[in-house]
**Q** 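What follows is a single structure, and I will ask about it in a moment.
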Amino acid sequence: MCGIVGIVGKSNVNQSLYDALTVLQHRGQDAAGIVTSNAGRLFLRKDNGLVRDVFQQRHMQRLVGHMGIGHVRYPTAGSSSSAEAQPFYVNSPYGITLAHNGNLTNVEQLAKEIYESDLRHVNTNSDSEVLLNVFAHELAVRNKLQPTEDDVFAAVAGVHGRCRGGYAVVAMITGYGIVGFRDPNAIRPIVFGQRHTDEGVEYMIASESVALDVLGFTLIRDLAPGEAVYITEDGRLFTRQCAEHPHYAPCIFEHVYLARPDSIIDGVSVYKARLRMGEKLAEKIMRERPEHGIDVVIPIPDTSRTSALELANRLGVKFREGFVKNRYIGRTFIMPGQAARKKSVRQKLNAIELEFRGKNVMLVDDSIVRGTTCKQIIQMAREAGAKNVYFCSAAPAVRYPNVYGIDMPSAHELIAHGRSTEEVAELIGADWLVYQDLKDLEDAVSEGNANVKDFDSSVFTGEYITGDVSESYLNRIEQARNDATKAGGQVVSAIIDLHNN
């Protein structure tokens with residue numbers, strides 16, 4: 001899971017890129033990077049850490065130019081070394097920088113092709129660098145001194161023809177413009193918009209619409225599956241479908257957990273989708289446990305709050321904030337290392353005893369992945385005096401790893417893999433547990449946009465829509481995602497100074 005942004009402006013875009021990455025910080029807290037273009041020269045700063053820590057005043061002053069891209073990263077494979085912080089850069093053709101959200105499922109084949117056929121060198125273990133070299137090669141074979149929009153879209157079509165998996169990309173072609181594109185299944189989100197200034201129209205591409213909102217851009221729309229948008233340095237915008245067989249199947253976990261509630265993804269309000277998740281959970285509880293005896297509904301901050309509020313309303317019981325969150329602790333789901341996740345839970349949340357003592361408490365979370373966090377939270381509720389502790393998940397049971405850009409662990413680390421609901425309830429210490437039904441979850445999202453009928457729901461079903469995920473592949477990514485590999489790294493901070501001939 002990562003956040004990407006690209007801006008073509010009429011003045012320096014460094015501050016706007018910084019602000020956009022800050023808004024997208026929830027999508028990755030491991031590393032951040034910005035590259036800008038000015039008079040044919042590129043200026044890059046990237047390092048491990050939060051946006052506010054990576055970019056100091058001295059860095060911002062050097063990031064000049066009215067065109068640039070940015071990235072916030074959480075590693076889904078390989079190492080958390082800052083050598084793999086994005087954007088990545090290749091000098092041929094033209095000088096291209098690229099930032100990517102997602103994961104390529106055929107990266108090993110592509111890396112071999114790049115070396116043996118494209119005659120290109122890849123310097124890291126990142127599939128984003130592989131994707132960059134594929135795009136660069138596809139643009140180079142056009143053999144144009146000055147690329148046109150037709151050349152750019154042909155290169156994107158070449159990427160779609162070679163790459164498999166889920167990906168949303170922004171790439172900057174030095175001296176020419178910025179291109180954004182989305183995989184043919186639209187698994188990962190990407191939107192674009194515009195704002196009017198005294199100097200003219202500025203354009204922005206981002207992972208989520210909230211980044212546009214905060215910076216005063218008006219959302220134009222999401223990119224369709226397989227579609228690309230190209231914005232020239234002088235502010236001309238072009239879009240084109242670049243995939244032969246596009247199929248709308250966005251990742252449903254964006255609505256469950258990843259995206260901010262104030263975002264609109266594929267025409268669906270994340271906030272409203274989560275309200276509907278709460279409605280459908282309440283209906284299931286009333287069907288299965290009409291005498292539920294719940295005294296109070298308490299969300300586990302922050303993502304589940306919207307669903308929990310509507311759940312309480314539908315059940316006709318009190319909604320209370322029972323946990324106080326330390327906002328200086330990161331999101332445990334995207335925190336590298338199981339030890340760090342365990343340690344952070346009690347630092348992150350503290351129970352308000354008066355909301356628990358002597359009550360039958362329904363705790364609501366967005367999902368249950370490893371079960372580590374919810375088990376500790378249930379114990380906290382009991383220690384605060386809860387009579388009974390029930391647990392509700394706004395998502396179905398997560399039983400399979402994600403291969404399209406979310407750091408879901410291997411199957412054996414998932415608490416629901418191979419277990420019944422009752423067995424999971426016992427393991428996490430809940431008196432009883434309710435999971436959202438998959439159809440209800442999909443209906444909760446698709447009600448916001450009837451044109452989106454299919455979803456990537458592979459973490460619940462084990463059915464991978466790209467059709468190329470084998471057991472051997474899952475075994476390889478399990479090894480790559482081993483927590484022991486996610487450690488260390490040296491600082492990478494560079495200024496690339498190139499003259500565009």
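The figures that follow rest on heavy atoms only: side chains count, while hydrogens, waters and symmetry mates do not.
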**Q** Take D118 and R162 through the side chain to side chain contact (heavy atoms under 4.5 Å, CB included) test and state the conclusion after the steps.
**A** CA-CA 12 Å; D118 299 353; R162 296 176 65 181; 3.0 Å; yes
**Q** How many angstroms lie between CD1 in I298 and CG in D365, if you round to the nearest 0.5 Å?
**A**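 These two atoms lie 13.0 Å from each other.
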**Q** Take R276 and E310 through the salt bridge (charged side-chain N to carboxylate O under 4.0 Å, His left out) test and state the conclusion after the steps.
**A** CA-CA 8 Å; R276 291 190 287 266; E310 192 61 19; over 6 Å; no
**Q** Test side chain to side chain contact (heavy atoms under 4.5 Å, CB included) on R45 and D47 and set out the steps.
**A** CA-CA 7 Å; R45 165 66 182 173; D47 197 0; 3.5 Å; yes
**Q** For H417, what residues pass the ring-ring contact (aromatic ring centres under 6.0 Å, His included) criterion, not counting sequence neighbours?
**A**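 Once residues adjacent in sequence are excluded, the partners of H417 under the ring-ring contact (aromatic ring centres under 6.0 Å, His included) criterion are Y400.
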**Q** So, does N402 use its side chain to make a donor-acceptor pair with the main chain of G405 at under 3.5 Å?
**A**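 Yes, the answer is positive, given that a donor and an acceptor are paired below the 3.5 Å cut-off.
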**Q** From I4 CD1 over to Q86 CD, what is the distance, rounded to the nearest 0.5 angstrom?
**A**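 If we round to the nearest 0.5 Å, I4:CD1 and Q86:CD are 9.0 Å apart.
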**Q** Charged N to carboxylate O under 4.0 angstrom, D266 versus R221?
**A**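 No, this pair does not count.
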**Q** Does Y271 have more than 12 heavy atoms from other residues, nucleotides or ligands lying within 6.0 Å of its OH?
**A**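 At most 12 heavy atoms, drawn from other residues, nucleotides or ligands, come within 6.0 Å of this atom.
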**Q** Donor-acceptor pair, N101 side chain versus C2 backbone, under 3.5 Å?
**A**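 Looks like yes, one N/O pair under 3.5 Å.
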**Q** Do NZ/NE/NH1/NH2 and the carboxylate oxygens of K325 and D302 come within less than 4.0 Å?
**A**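 Answer for the salt bridge query: yes.
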**Q** Have a look at I69 and tell me which of L17, I178, V5 forms a side-chain contact (heavy atoms from CB on, under 4.5 Å) with it.
**A**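 So, applying the side-chain contact (heavy atoms from CB on, under 4.5 Å) to I69 and each of L17, I178, V5, only I178 qualifies.
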**Q** If you count the non-hydrogen atoms of other residues, nucleotides and ligands that lie under 6.0 Å from NZ in K280, is the total more than 12?
**A**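 Yes, enclosed.
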**Q** In Å and rounded to the nearest 0.5 Å, what is the OG to CG distance from S307 to D366?
**A**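 That separation rounds to 8.0 Å.
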**Q** With a 4.5 Å cut-off on side-chain heavy atoms, are F88 and L131 touching?
**A**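 A side-chain contact is absent here, since even the closest heavy-atom pair is not under 4.5 Å.
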**Q** Would you call D262 and R260 a salt bridge, using N to O less than 4.0 angstrom?
**A**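 Between R260 and D262 there is a salt bridge, with a charged N closer than 4.0 Å to a carboxylate O.
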**Q** For R188, is there an ion pair with E254 - N to carboxylate O distance below 4.0 angstrom?
**A**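 Salt bridge: yes.
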**Q** Going by distance alone, is a donor N or O of one side chain under 3.5 Å from an acceptor N or O of the other, for D454 and H247?
**A**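 Yes, H247 and D454 have a side-chain donor paired with an acceptor closer than 3.5 Å.
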**Q** Using atom types as modelled and distance alone, determine if a side-chain donor or acceptor of N106 lies under 3.5 Å from a backbone N or O of R164.
**A**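 Side chain of N106 to backbone of R164, a donor-acceptor pair under 3.5 Å: yes, one is there.
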**Q** Any donor and acceptor pair, going by atom type alone, linking the side chain of E84 with main-chain N or O of T124 inside 3.5 Å?
**A**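 No: the side chain of E84 does not pair with the backbone of T124.
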**Q** What I want to check is whether the side chains of S410 and E413 have a donor and an acceptor closer together than 3.5 Å.
**A**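 The answer is yes; a qualifying pair exists.
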**Q** Just verifying a value: how many Å separate H255 NE2 and R274 CZ, rounded to the nearest 0.5 Å?
**A**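 Between atom NE2 of H255 and atom CZ of R274 there are 9.0 Å.
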**Q** Answer yes or no: is there a donor N or O on one side and an acceptor on the other, between the side chain of K284 and the main chain of Y435, under 3.5 Å?
**A**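 A pair under 3.5 Å: yes.
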**Q** If we ignore hydrogens and angles and just use 3.5 Å, is the side chain of R399 paired with the main-chain N or O of A411 as donor and acceptor?
**A**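 A pair under 3.5 Å: no.
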**Q** Below 4.5 Å, heavy atoms only, C-beta onward: do F323 and I377 meet side chain to side chain?
**A**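 Yes, side chains in contact.
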**Q** Do the side chains of R182 and Y167 get nearer than 4.5 Å, heavy atoms only?
**A**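 Counting from C-beta outward, Y167 and R182 never come under 4.5 Å.
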**Q** Under the side chain to side chain contact (heavy atoms under 4.5 Å, CB included) rule, what do V434 and S393 come out as? Steps first, then yes or no, please.
**A** CA-CA 6 Å; V434 177; S393 169; over 6 Å; no
**Q** At their closest point, which heavy atom of G226 faces which heavy atom of H160, and how far apart are they?
**A**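 It is O-NE2, 3.1 Å.
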**Q** Does the side chain of C251 reach to within under 4.5 Å of the side chain of Y404, using non-hydrogen atoms?
**A**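 No, their side chains stay 4.5 Å or more apart.
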**Q** Any side-chain donor-acceptor pair under 3.5 Å between Y464 and T105?
**A**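 The criterion, which ignores hydrogens and geometry beyond distance, is not satisfied for T105 and Y464.
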**Q** Sequence neighbours left out, what pairs pass salt bridge (charged side-chain N to carboxylate O under 4.0 Å, His left out) with at least one residue falling in residues 416-435?
**A**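 Only R382-D431 qualify under salt bridge (charged side-chain N to carboxylate O under 4.0 Å, His left out).
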**Q** Are side-chain heavy atoms of E129 and N123 found at a separation under 4.5 Å?
**A**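 Heavy-atom side-chain distance check passes, below 4.5 Å.
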**Q** Are the side chain of Q436 and the backbone of M277 linked by a donor-acceptor contact shorter than 3.5 Å?
**A**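 Judged by distance alone, yes, a pair lies under 3.5 Å.
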**Q** With a 4.5 Å cut-off on side-chain heavy atoms, are S207 and R27 touching?
**A**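 When only atoms from C-beta onward are counted, S207 and R27 do touch, with a gap below 4.5 Å.
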**Q** Between the side chain of D456 and the main-chain N/O of I187, is any donor-acceptor distance below 3.5 Å?
**A**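 Between the backbone of I187 and the side chain of D456 there is no qualifying donor-acceptor contact (under 3.5 Å).
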**Q** Do the side-chain N and O atoms of S457 and E442 include a donor-acceptor pair separated by under 3.5 angstrom?
**A**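 Indeed, the side chains of S457 and E442 share at least one donor-acceptor pair under 3.5 Å.
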**Q** I need the minimum non-hydrogen distance between I34 and P87, along with the two atoms involved.
**A**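 The answer is N-CD, 4.0 Å.
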**Q** How are the rings of F253 and F460 set relative to one another: parallel (under 30°), tilted (30 to 60°) or perpendicular (over 60°)?
**A**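 Tilted: the ring planes of F253 and F460 meet at 30° to 60°.
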**Q** Determine yes or no for a side-chain-to-main-chain donor-acceptor pair under 3.5 angstrom, with D183 supplying the side chain and A186 the backbone.
**A**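 Yes.
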**Q** Please collect all salt bridge (charged side-chain N to carboxylate O under 4.0 Å, His left out) contacts where either partner lies in residues 89-111, sequence neighbours excluded, each pair once.
**A**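 Of all non-adjacent pairs touching residues 89-111, those that pass salt bridge (charged side-chain N to carboxylate O under 4.0 Å, His left out) are E108-R476.
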**Q** Could you please spell out the steps behind the side chain to side chain contact (heavy atoms under 4.5 Å, CB included) verdict for V122 and I114?
**A** CA-CA 8 Å; V122 176; I114 287 169; 4.1 Å; yes
**Q** What I want to check is whether the side chains of E113 and Q109 have a donor and an acceptor closer together than 3.5 Å.
**A**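 Yes.
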**Q** How far apart are the closest heavy atoms of G448 and V268, and which atoms are they?
**A**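 What the structure gives for the nearest pair is C-CG2, 3.8 Å.
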**Q** Please name the pair of heavy atoms, one in I465 and one in F455, separated by the smallest distance, quoted to 0.1 Å.
**A**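 Heavy atoms only, the tightest pair is CG2-O, 4.3 Å.
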**Q** For the backbone of A243 and the side chain of Q241, can you confirm whether one donor and one acceptor N or O come within less than 3.5 Å of each other?
**A**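 The answer is yes, because a donor-acceptor pair under 3.5 Å joins these two groups.
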**Q** Is the shortest side-chain heavy-atom distance between I415 and R370 below 4.5 Å?
**A**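 Of all side-chain heavy-atom pairs linking R370 with I415, none is under 4.5 Å.
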**Q** List the atom of A259, the atom of E208, and the distance in Å for their closest heavy-atom pair.
**A**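 That would be CA-OE2, 3.4 Å.
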**Q** Mind checking the CE-CG spacing from M1 to L24? Nearest 0.5 Å is all I need.
**A**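 Going from CE on M1 over to CG on L24, the span is 10.5 Å.
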**Q** Do I190 and V169 come within less than 4.5 Å of each other through their side chains, counting heavy atoms only?
**A**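 The answer is no, as the side chains (C-beta and beyond) never meet within the 4.5 Å cut-off.
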**Q** So how far is it from Q379 CD to Q376 CD, rounded to the nearest 0.5 Å?
**A**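 Between atom CD of Q379 and atom CD of Q376 there are 9.5 Å.
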**Q** Where do P189 and I265 come nearest, in terms of heavy atoms and distance?
**A**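 For P189 versus I265, the nearest heavy atoms are CB-CG2, 4.1 Å.
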